[in-house]
Amino acid sequence: MRAVRFHEHGDESVLAVEEVDRPEPAPDEVLVEVASAGVNPVDTYFREGSYEPYGLPAVPGVDAAGTAVEVGAEVEGVEVGDPVFATGLSSTMPGGYAEFVAVPDDRLAVLPDGADLVAAGAAGVAAVTAWRALVQHANLRPAETVLIHGGSGGVGHVAVQVAAATGAHTIATAAEGYHEEVAALGADAVFDYNRDDLAEAVTAATDGAGVDVVLDHRLDEYLGFDAEVAAPDCRVVGIGENDPAIGFPNSAAARGKDLRLQLMSMFNTPSLADALADVASLWGDDIEVRVAHSYDLGGAAEAQRAVLDDSFLGKLVIEP
Ligand SMILES: NC(=O)c1ccc[n+]([C@@H]2O[C@H](COP(=O)([O-])OP(=O)(O)OC[C@H]3O[C@@H](n4cnc5c(N)ncnc54)[C@H](OP(=O)(O)O)[C@@H]3O)[C@@H](O)[C@H]2O)c1
């Protein structure tokens, strides 16, 4: 089969399409014929070496979706022919940028029949992160107000939908061109993250009460801001930084409101399969994943450049 691999860490140029053996699924694995593999910022961290992949050469791709073509003897609840999606790949086993991937059953779920498998390939990291941040960590409740920074991004655009599905009052930030689409996904208010008066706008959208929950993907930039717009006892879930070297500013303001800061990695989700199954149960009705652009395997390098550098709403995918 064809797969993207890298033999050494480095920039996008280390990615190459190669002919490799089709994986043999272990008894607890499902062999998936890949329809699409989402492209995530974390794929670039594995490639660069700031995250350690399972070994070298490595097939990148934390996410994948497709059709189950072989099911290991110990796997329950998955049949040959089922549409499935997976996440948490490429850290301890080959990833999704390939024609086939063998997925352990603890990081895979069955999708509803007829699910768009190209979109599903982009769902894993984005949806499980949004789910774990807002539902599991923040325990977001319907009467509350949540602020989602970067509501047009991969995680952000699913987080807006997860928040809306809980019934919470949802405020998002996004670049000007995406406001209508982010509102259509369920945000009650969308503000340009470049506004000078962003804090005033967010606070006004809560009638002065402040936000109860924040999903922050650029903590070094926004923790002080979060404290400013927070209601007392606000829960901030931090999933990333703009520049990890800078550190967290304005921690005094955060203390002043008993702000609770929860850092997280999606890879620590106790059961990726259960979180994926929760997402699958909302698939189509409450959660849709938007695909902004698709690449073939040979476009993996360009896709990994674009995921960090370009502006788009939703996700980038690779269709092998
Ligand atoms: N901890 C975890 O488990 C976990 C899981 C998933 C992701 N992450 C991290 O979370 C971050 C986002 O991931 P992603 O997949 O959603 O990436 P993404 O698809 O690139 O989305 C990033 C979003 O941030 C927006 N943005 C850019 N500059 C901004 C600013 N100054 N203020 C607010 N928003 C801004 C972008 O909008 P424009 O492009 O339109 O400017 C884009 O919508 C990455 O750092 C990733 O590594 C962490």
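All values reported here derive from a predicted model rather than from experimental measurement. Order of listing sets the numbers, starting from 1, for every ligand and every atom in it.
For the residues E221, M264, H217, the heavy atom positioned nearest atom 25 (C) of ligand 1 is part of H217. For atom 27 (C) of ligand 1, the nearest non-hydrogen atom from the set K315, R218, R132 belongs to R218. Evaluated by nearest non-hydrogen atom to atom 44 (C) of ligand 1, the leading choice among Y45, Y51, F225, Y222 is Y45. Of the candidates S311, A126, G240, P41, the one placing a heavy atom closest to atom 38 (P) of ligand 1 is S311. Distances from atom 41 (O) of ligand 1 to the heavy atoms of Y193, Y178, F312 show the closest one on Y193. Proximity annotation for atom 9 (C) of ligand 1: of V128, T269, I239, I239 comes nearest, heavy atoms only.
Looking at G154 next to ligand 1, an N or O pair under 3.5 Å apart turns up. Taking any N or O of V125, backbone or side chain, none lies under 3.5 Å from an N or O belonging to ligand 1. For a threshold of 3.5 Å applied to N or O pairs, the pair formed by E241 and ligand 1 contains no separation below that value. Below 3.5 Å of separation, one finds an N or O of G153 facing an N or O of ligand 1.
Aromatic pair Y178/H157: centroids not less than 6.0 angstrom apart.
Atom-to-atom distance recorded for D216:CG and N242:CG is 10.5 Å, nearest 0.5 angstrom.
Ring geometry for Y222 versus H149: interplanar angle under 30°, hence parallel rather than tilted (30 to 60°).
The side-chain heavy atoms of Y295 and E302, taken from C-beta on, include a pair separated by under 4.5 Å. Taking the side chain as every heavy atom from C-beta outward, C234 and V214 approach each other to under 4.5 Å.
Look at D11 and R47 and you find no salt bridge, because none of the NZ, NE, NH1 or NH2 atoms lies under 4.0 Å from a carboxylate O. Taking a cutoff of 4.0 Å between a charged side-chain nitrogen and a carboxylate oxygen, R5 and E18 qualify as a salt bridge.
Atom 3 (O) of ligand 1 has as its closest protein heavy atom M266 N, 2.6 Å. From the protein, the heavy atom lying nearest to atom 5 (C) of ligand 1 is T129 OG1, 3.2 Å. Protein heavy atom in closest approach to atom 16 (O) of ligand 1: V155 N, 2.9 Å.
The contact set between ligand 1 and S152, taken as ligand atoms under 4.0 Å from a residue heavy atom, comprises 43 (O).
Less than 4.0 angstrom separates atom 36 (C) of ligand 1 from none of the non-hydrogen atoms of the protein.
For the side-chain contact (heavy atoms from CB on, under 4.5 Å) test with V84, the passing option among L276, L117, V110 is V110; the others fail.
Across all their heavy atoms, A98 and L297 have their closest contact at N-CD2, 3.9 Å.
At a cut-off of 3.5 Å, with distance as the only test, a side-chain donor of Y97 or Q304 sits close to an acceptor on the other residue.
Between V307 and ligand 1 there is a heavy-atom distance shorter than 4.0 Å.
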